[in-house]
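Shown next, in structure tokens, is the structure this report addresses.
Only a predicted model underlies this, so the values are computations on that prediction, with no experimental measurement involved.
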Amino acid sequence: MEAALLGLCNWSTLGVCAALKLPQISAVLAARSARGLSLPSLLLELAGFLVFLRYQCYYGYPPLTYLEFPILIAQDVILLLCIFHFNGNVKQATPYIAVLVSSWFVLALQKWIVDLAMNLCTFISAASKFAQLQCLWKTRDSGTVSALTWSLSSYTCARSRSLSQAGVQ
């Protein structure tokens with residue numbers, strides 16, 4: 001019974017993550033604007049996902065426990081490119097993508113680096129949400145922000161937290 005419940009949680013999270021950013025991407029493309037989206041928030045979120053993925057790979061966790069992170073990273077990279085496209089210069093995304101790719105290798109140089117980065121992930125995640133809310137407050141425009149994406153994200157966070165508190169991976 002416990003294994004079936006764990007499998008259901010893992011597969012439901014994968015399903016939700018596969019569609020997590022699609023409403024957001026759709027809203028940005030429909031509005032033809034990235035107004036209301038925070039670049040710092042997106043970069044922090046990408047960093048957090050990258051650290052989670054690298055940590056799971058580094059310690060040899062089963063792929064099903066971290067398969068959602070490559071999906072989320074790909075969707076965030078699409079959003080990153082949308083932000084730069086609608087702001088008029090896609091080439092400016094290159095240094096950010098280069099830093100993210102090089103971070104993959106830097107995180108695994110020493111065990112303490114990946115462990116420290118993982119310990120900072122809760123702070124990084126909270127800072128990402130704070131930066132997005134700050135951007136929304138500043139622009140007073142939530143037209144390109146998807147409530148469905150935020151709701152789906154809450155589900156995946158609740159699932160991850162409840163499983164980690166139960167000691168399940």
Side-chain angles (χ1 to χ4, degrees), residues 13-14 16-57 66-108 113-165:
T13 300
L14 280 175
V16 169
C17 286
L20 184 66
K21 298 289 182 163
L22 296 180
Q24 185 73 63
I25 293 168
S26 176
V28 168
L29 293 176
R32 298 186 122 346
S33 168
R35 184 168 164 77
L37 291 182
S38 166
L39 178 61
S41 172
L42 186 61
L43 293 172
L44 285 167
E45 186 175 69
L46 267 167
F49 291 156
L50 185 74
V51 168
F52 268 103
L53 179 61
R54 190 56 168 155
Y55 182 88
Q56 301 273 340
C57 291
Y66 61 82
L67 202 54
E68 69 263 20
F69 292 109
I71 297 167
L72 292 170
I73 289 169
Q75 291 176 5
D76 270 357
V77 168
I78 291 169
L79 269 176
L80 180 71
L81 293 174
C82 285
I83 287 174
F84 282 107
H85 172 73
F86 291 120
N87 288 340
N89 194 350
V90 177
K91 291 180 183 177
Q92 286 182 339
T94 306
Y96 296 104
I97 293 173
V99 167
L100 288 168
V101 170
S102 61
S103 296
W104 176 261
F105 299 102
V106 171
L107 284 168
I113 296 173
V114 74
D115 289 341
L116 176 64
M118 188 63 181
N119 285 326
L120 294 173
C121 267
T122 300
F123 173 75
I124 292 169
S125 179
S128 169
K129 299 305 176 211
F130 179 75
Q132 181 58 51
L133 290 172
Q134 188 177 28
C135 180
L136 288 172
W137 183 266
K138 183 178 170 183
T139 62
R140 303 227 188 260
D141 182 8
S142 63
T144 59
V145 176
S146 168
L148 180 58
T149 293
W150 276 63
S151 300
L152 292 172
S153 180
S154 298
Y155 167 77
T156 60
C157 285
R159 177 259 176 196
S160 295
R161 298 268 186 247
S162 64
L163 289 179
S164 66
Q165 287 174 350

Does some side-chain heavy atom of Leu53 sit less than 4.5 Å from a side-chain heavy atom of Leu72? no

Going by heavy atoms in the side chains, are Phe86 and Leu29 under 4.5 Å from each other?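 Touching, per the 4.5 Å side-chain cut-off.
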
All heavy atoms of Leu100 vs all of Leu46, minimum pair found to be CD1-CD1, 3.6 Å

Tightest non-hydrogen contact, residues Glu45 and Asp76, listed as OE1-OD2, 2.7 Å

Approximate separation, where rounding is to 0.5 Å, of [X] [atom1] and [Y] [atom2]:
X: Glu68; Y: Gln56; atom1: CD; atom2: CD; value: 8.0 Å
X: Ser41; Y: Ile83; atom1: OG; atom2: CD1; value: 8.5 Å
X: Ile25; Y: Leu79; atom1: CD1; atom2: CG; value: 4.5 Å

Would you find a donor on one side and an acceptor on the other, under 3.5 Å apart, between the side chain of [X] and the backbone of [Y]?
X: Arg54; Y: Leu107; result: no
X: Gln75; Y: Lys21; result: yes
X: Ser128; Y: Ile124; result: no
X: Ser125; Y: Cys121; result: no

Q.
Can you classify the ring geometry of Phe69 versus Phe52 as parallel (below 30°), tilted (30 to 60°) or perpendicular (above 60°)?
A. parallel

- Task: Please report the C-alpha distance between Leu43 and Leu80 in whole Å, then the side-chain angles of each, then the deciding distance to 0.1 Å, and finally whether the side-chain contact (heavy atoms from CB on, under 4.5 Å) criterion is met.
- Result: CA-CA 8 Å; Leu43 293 172; Leu80 180 71; 4.0 Å; yes

- Message: For Leu81 and Ile97: C-alpha separation, side-chain torsions, deciding distance, then whether side-chain contact (heavy atoms from CB on, under 4.5 Å) applies.
- Response: CA-CA 10 Å; Leu81 293 174; Ile97 293 173; 4.2 Å; yes

**Q.** Tyr96-Phe84 aromatic ring centre distance below 6.0 Å
**A.**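 Between Tyr96 and Phe84, the centre distance is under 6.0 Å.
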
